[in-house]
Amino acid sequence: QVQLVESGGGLVQTGDSLRLSCATSGRTFSSYVTGWFRQAPGKEREFVAAIRWNDGNTYYADSVKGRFTISRDNAKNTVYLQMNSLEPEDTAIYYCAARNYSGAYGYPSPRGYAYWGQGTQVTVSS
């Protein structure tokens, strides 16, 4: 069983920063990918960023490149999402998810992820 627990969400103003954390437990993640997704009211869940545990390769949605940074702490089994220059359009529930390297879907597709956290709310006021 795999558990993912997000934290760090909150209410901020335009231009502020937040750091989200995703603590993972239950099994080793040396061959896994952890991704961040977000879902705003009335919209589909969308890819934000992903990181591979063994080599640290990262992947980003165009909408967050240059503003968000995904990283991992292997010793703590935790993945972080540093979000800078936040905009009202970033308001959503943010979810972390985990999957194996291989699969039928690319890293940006939520369909490829087998494990999901409960989500954390991020609200950016204008």
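Just so we're clear, the structure is a prediction, and the values are computed from it rather than from any experiment.
The shortest heavy-atom contact between Phe68 and Arg38 is CE2-NH1, 4.0 Å. Looking at every heavy atom in both residues, Trp116 comes nearest to Pro110 through CZ2-O, 3.5 Å. Taking every heavy atom of both residues into account, Tyr60 and Ala49 meet most closely at CD2-CB, 3.7 Å. The shortest non-hydrogen separation linking Val48 to Tyr94 is CG2-CE2, 4.3 Å. Taking all atoms of both residues into account, the shortest heavy-atom contact from Leu4 to Gln118 is O-OE1, 3.7 Å. Of all heavy-atom pairs spanning Thr91 and Gln121, the tightest one is CG2-NE2, 4.1 Å.
In this structure, the separation between CD on Glu89 and OG on Ser126 is 9.0 Å, given to the nearest 0.5 Å. A distance of 12.5 Å separates SG in Cys96 from CD1 in Ile51, rounded to the nearest 0.5 Å.
Using a 4.5 Å cut-off on side-chain heavy atoms (C-beta onward), Val79 and Trp53 make contact. Taking the side chain as every heavy atom from C-beta outward, Glu6 and Leu20 never approach each other to under 4.5 Å. Considering only heavy atoms from C-beta on, Asn54 comes within 4.5 Å of Tyr101 through its side chain.
In this structure, the side chain of Thr24 engages the main chain of Asn77 through a donor-acceptor pair within 3.5 Å. Checked by atom type and distance alone, the side chain of Arg99 pairs as donor or acceptor with a backbone atom of Tyr105 at under 3.5 Å.
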Which side-chain N or O atoms in residues 9-18 pair as donor and acceptor under 3.5 Å with protein atoms at least two apart or in another chain?
from, atom 1, to, atom 2, distance (Å)
Thr14, OG1, Ser125, O, 2.9
Asp16, OD2, Gln13, N, 3.0
Ser17, OG, Asn84, OD1, 2.9

Point to revise | Worked verdict on Val33 versus Tyr59 for side-chain contact (heavy atoms from CB on, under 4.5 Å) | key: CA-CA 10 Å; Val33 175; Tyr59 309 83; 5.8 Å; no

**Study point:** Verdict with supporting geometry, Met83 and Asp90, side-chain contact (heavy atoms from CB on, under 4.5 Å)
**Key:** CA-CA 9 Å; Met83 305 186 295; Asp90 297 316; over 6 Å; no

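Hydrophobic clustering of Ile, Leu, Val, Met, Phe, Trp and Tyr side chains at less than 4.5 Å, counting indirect connections, keeps Val64 apart from Tyr80.
Phe37 and Tyr113 have their aromatic ring centers within a separation under 6.0 angstrom.
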